[in-house]
Amino acid sequence: MKNRFLPVSKEDMKERKIEQLDFVYVTGDAYVDHPSFGHAIIGRLLESRGYTVGMIPQPDWKTKESVMALGRPRLGFLVSGGNMDSMVNHYSVSKKHRQKDSYTPGGEMGRRPDYAVVVYCNLIRQAYKDVPIIAGGIEASLRRLSHYDYWSDSVKRSVLMDCGADLISYGMGEHSIVEIADALQAGIAVKDITFVNGTCYKTKRPEEIYDAVFLPDYEQVRSEKQIYAESFAVQYRNTDPFSGKRLAEPYGTVYVVQNPPAKPLTQQEMDDVYALPYCRTWHPMYDAAGGIPAISEVKFSLVSNRGCFGGCNFCALTMHQGRIVQTRSHASILAEARQMTEDPEFKGYIHDVGGPTANFRHPSCEKQLTKGVCQNRQCLFPKPCPNLNADHRDYVELLRSLRKLPKVKKVFIRSGIRFDYLLADPSDVFFRELVKYHVSGQLKVAPEHVSNRVLAMMGKPEHAVYMKFSERYKKMNEACGQNQFLVPYLMSSHPGCTMEDAVELACFLRDLGYMPEQVQDFYPTPATVSTCMYYTGLDPRTMQPVYVEKNPHRKALQRALIQYRRPENYELVQEALRIAGRTDLIGFGPECLIRPRQFAGNGRGWTGTQKPSGSYKKAASGRSSHNGGRIAGADHRRGETHSGQGNRPTSGKKKTIRNVHKKK
């Protein structure tokens with residue numbers, strides 16, 4: 001029997017003989033019934049427990065009638081801003097409106113409001129004064145306590161204080177939403193559901209908050225940056241489901257209480273989630289608009305894990321999914337892959353097998369599943385922990401099984417490899433098979449920068465680790481008879497990055513003979529360590545001062561240095577070099593980044609079409625000692641990227657590294 005979508009109209013309810021739904025799910029995304037979309041997982045999970053669930057995707061936020069389309073639910077409303085924070089969805093890092101929303105029919109922008117969770121919850125509260133409202137998803141999860149909001153440049157209250165919801169289900173939510181549903185079904189008033197892990201609630205009775213760590217009052221956090229950093233540090237140390245404490249944040253006479261995180265899913269529970277009867281595509285009501293663009297990235301990809309112990313400071317995974325890696329069984333993943341191969345659009349290529357980090361297939365050490373992760377230590381930073389279990393054997397066996405499936409021509413890995421973890425594995429079997437079978441011409445890795453002091457602020461390994469990896473990648477390609485490229489993701493303007501550090505990165509790229517087609521600019525999104533640094537100028541791990549570049553023009557200078565060979569960047573690069581005291585890099589020598597203005601040609605810098613000389617000539621020949629010449633242009637990843645005009649080879653000119661890789 002063909003799977004059916006959850007009800008989206010009264011007609012659907014009538015067809016299924018549903019007089020009143022148990023839950024109505026309001027979401028900022030279009031309705032896509034696929035396990036890569038949070039609303040699909042939660043809706044199907046509740047359905048599997050016997051509850052009826054209807055969907056109201058992207059309601060008109062200007063009228064309360066839009067959230068009344070399915071009537072009053074028996075147990076409550078569920079609200080999510082969507083798979084992305086609505087502000088990240090709407091605005092670039094320069095706070096300019098984006099032109100496309102991949103989670104909306106036809107990619108149309110403007111179908112959800114700013115701060116969608118607050119708007120939707122208040123809309124529901126206007127329509128129904130006493131129906132329970134449970135907010136969830138990434139937006140509510142990362143804004144569950146006071147947080148710096150980049151777009152308003154202010155410290156905002158917990159979303160629970162502004163949205164009118166009764167509870168927040170934070171994190172991935174499978175455990176907590178079922179507990180909430182069962183409690184409501186049992187007749188427990190929503191105001192009394194204060195005992196569910198993975199939730200936040202409000203109370204005016206501090207004496208009833210037991211075994212909690214009390215955070216500073218919101219007014220203190222809002223007015224004093226050091227107190228904000230100290231409060232954030234406490235929150236960050238309590239993200240583990242085994243060791244995390246209950247937290248209480250005062251707002252005058254009201255307290256927002258964050259219960260400890262929910263326990264991670266067992267492998268069987270995770271298998272069960274992915275075995276639910278998804279339709280695996282968008283609702284047919286979107287066919288006329290051309291469907292939902294976001295599905296293209298995940299339709300033929302497989303999620304094998306969630307959680308990440310990588311600990312990058314600019315990433316919010318620790319606050320949302322947690323650091324304990326959870327995995328699906330081989331049988332579960334293979335079953336989904338077989339189902340995938342029956343899709344008429346499947347061409348034989350599995351686009352990805354991974355998660356937040358592709359090559360994490362088990363917790364970083366054995367103690368985590370009983371005692372949790374370390375509060376004041378990271379698994380990989382600054383060096384791999386002695387207790388780290390760096391072992392890819394399970395992942396290798398999974399990939400081998402997928403390659404053997406009928407109709408499968410190739411299995412790619414696109415979600416990112418943690419190269420320091422790969423190097424920590426004493427066996428090279430995974431490395432060899434990765435290069436031989438799973439790279440689609442270029443491997444994406446994330447060194448992010450070359451300055452060790454910037455990398456320390458990012459929570460990334462030292463630059464020497466990346467150089468070791470790139471050299472081993474070159475040798476492994478040669479051993480496997482391959483000629484594949486590395487795509488290094490690079491970030492500008494991260495807290496701690498000075499103009500001198502940006503110049504250091506530009507010089508590194510000069511020696512490689514490589515210019516990224518796009519540059520990722522640091523984006524201060526809610527609930528990351530790096531965002532705390534950006535706002536406070538303090539490292540919450542140490543409370544030491546951190547240099548932060550906030551001036552838009554100087555941020556543009558850092559971006560321009562990474563793409564110093566673009567003619568349109570000449571003046572910015574020249575200014576940056578003067579600020580950094582590196583005018584020695586303006587001239588004719590092999591170490592120079594740009595020529596003097598009067599020799600730049602038509603008022604522009606060196607374009608890469610002239611004959612290279614000196615050390616650059618060696619790099620341009622495709623035999624740089626750093627990367628073996630195997631470098632390709634970067635593409636979009638989390639955060640913001642900036643690109644100029646495409647690289648156009650000059651007619652009749654000798655090919656250079658700049659245009660050879662454009663075809664990639």
Side-chain angles (χ1 to χ4, degrees), residues 233 236-245 261 263-264 267 304-315 317-319 321-327 354-398 416-434 445-473 476 496 529-530 539-544:
Y236 194 79
R237 288 195 297 268
N238 285 279
T239 56
D240 183 79
F242 294 95
S243 62
K245 302 293 185 182
K263 294 294 188 289
Q267 189 170 87
S304 70
N305 64 68
R306 67 168 57 159
C308 183
F309 53 80
C312 300
N313 288 336
F314 47 79
C315 179
L317 276 166
T318 294
M319 299 290 278
Q321 290 190 3
R323 289 168 57 192
I324 296 178
V325 170
Q326 302 141 72
T327 60
T357 301
N359 56 327
F360 288 175
R361 275 288 297 173
H362 51 76
S364 59
C365 67
E366 294 180 1
K367 78 176 186 65
Q368 287 186 4
L369 290 178
T370 55
K371 297 180 181 178
V373 298
C374 300
Q375 281 194 339
N376 296 303
R377 295 180 62 187
Q378 293 289 340
C379 304
L380 288 168
F381 176 80
K383 305 284 185 183
C385 174
N387 296 322
L388 179 71
N389 178 19
D391 187 343
H392 291 85
R393 285 177 295 181
D394 179 74
Y395 195 32
V396 168
E397 290 304 315
L398 172 61
I417 295 293
R418 186 73 189 225
F419 59 83
D420 49 349
Y421 181 76
L422 186 153
L423 292 176
D425 188 342
S427 169
D428 69 352
V429 173
F430 171 67
F431 204 167
R432 183 176 300 275
E433 296 201 7
L434 169 70
V445 290
E448 306 292 1
H449 215 279
V450 300
S451 166
N452 285 336
R453 64 182 176 183
V454 177
L455 291 169
M457 293 297 101
M458 293 177 166
K460 300 288 287 185
E462 291 184 348
H463 180 54
V465 179
Y466 173 70
M467 298 308 298
K468 179 180 179 181
F469 170 79
S470 65
E471 186 62 28
R472 283 192 59 186
Y473 181 73
M476 191 63 74
V529 173
S530 297
D539 184 342
R541 302 168 300 177
T542 63
M543 299 308 296
Q544 293 300 307

Is it true that, when you exclude K245 itself, more than 12 heavy atoms of the residues, nucleotides or ligands shown sit nearer than 6.0 Å to its NZ? no

Considering residues, nucleotides and ligands other than K371, do more than 12 of their heavy atoms fall under 6.0 Å from its NZ? no

Please name the pair of heavy atoms, one in [X] and one in [Y], separated by the smallest distance, quoted to 0.1 Å.
X    : Y    : answer
S470 : M467 : OG-O, 2.9 Å
P461 : L455 : O-CD1, 3.4 Å
V445 : I417 : CG1-O, 4.2 Å
V454 : G496 : CG2-O, 3.8 Å
C308 : L317 : CB-CD1, 3.9 Å

Return the [atom1] to [atom2] distance between [X] and [Y], rounded to the nearest 0.5 Å.
X    : Y    : atom1 : atom2 : result
M458 : C315 : CE    : SG    : 13.0 Å
Y236 : N313 : OH    : CG    : 6.0 Å
M457 : S530 : CE    : OG    : 9.5 Å
F419 : N359 : CZ    : CG    : 11.0 Å
Q267 : H362 : CD    : NE2   : 12.5 Å
F430 : D425 : CZ    : CG    : 9.0 Å

Is there a side-chain contact (heavy atoms from CB on, under 4.5 Å) between L434 and H392? Walk through the geometry before answering. CA-CA 11 Å; L434 169 70; H392 291 85; over 6 Å; no

ring-ring contact (aromatic ring centres under 6.0 Å, His included) contacts touching residues 371-390 (sequence neighbours left out): none

Determine whether [X] and [Y] make a side-chain contact, defined as any pair of heavy atoms from C-beta on separated by less than 4.5 Å.
X    : Y    : value
K460 : C312 : yes
F242 : T370 : no
K367 : N387 : no

Between F469 and Y466, what is the ring plane arrangement, given parallel below 30°, perpendicular above 60°, and tilted in between? tilted

ring-ring contact (aromatic ring centres under 6.0 Å, His included) partners for F309, two or more places apart: F360, Y421

Tell me, with the steps shown, if C365 and N389 meet side-chain contact (heavy atoms from CB on, under 4.5 Å). CA-CA 5 Å; C365 67; N389 178 19; 5.6 Å; no

Holding to salt bridge (charged side-chain N to carboxylate O under 4.0 Å, His left out), I want the full list of residues that pass it with [X], two or more places apart in sequence or in another chain.
X    : result
D420 : R418
D240 : none
E366 : none
R472 : none

In residues 372-380, what donor-acceptor pairs under 3.5 Å come from side-chain atoms, sequence neighbours left out?
unit_1	atom_1	unit_2	atom_2	d
Q375	NE2	R237	O	3.2

Please list, chain by chain and in numerical order, all residues satisfying side chain to side chain contact (heavy atoms under 4.5 Å, CB included) with [X], sequence neighbours excluded.
X    : answer
N305 : V325, T327, P356
T542 : D539, Q544
T239 : T318, M319
E462 : K383, N452

Pairs touching residues 384-396 that satisfy salt bridge (charged side-chain N to carboxylate O under 4.0 Å, His left out), sequence neighbours left out: R361-D394, D391-R393

Spell out, as yes or no, whether a donor-acceptor pair under 3.5 Å connects the side chain of K263 to the backbone of P241. yes

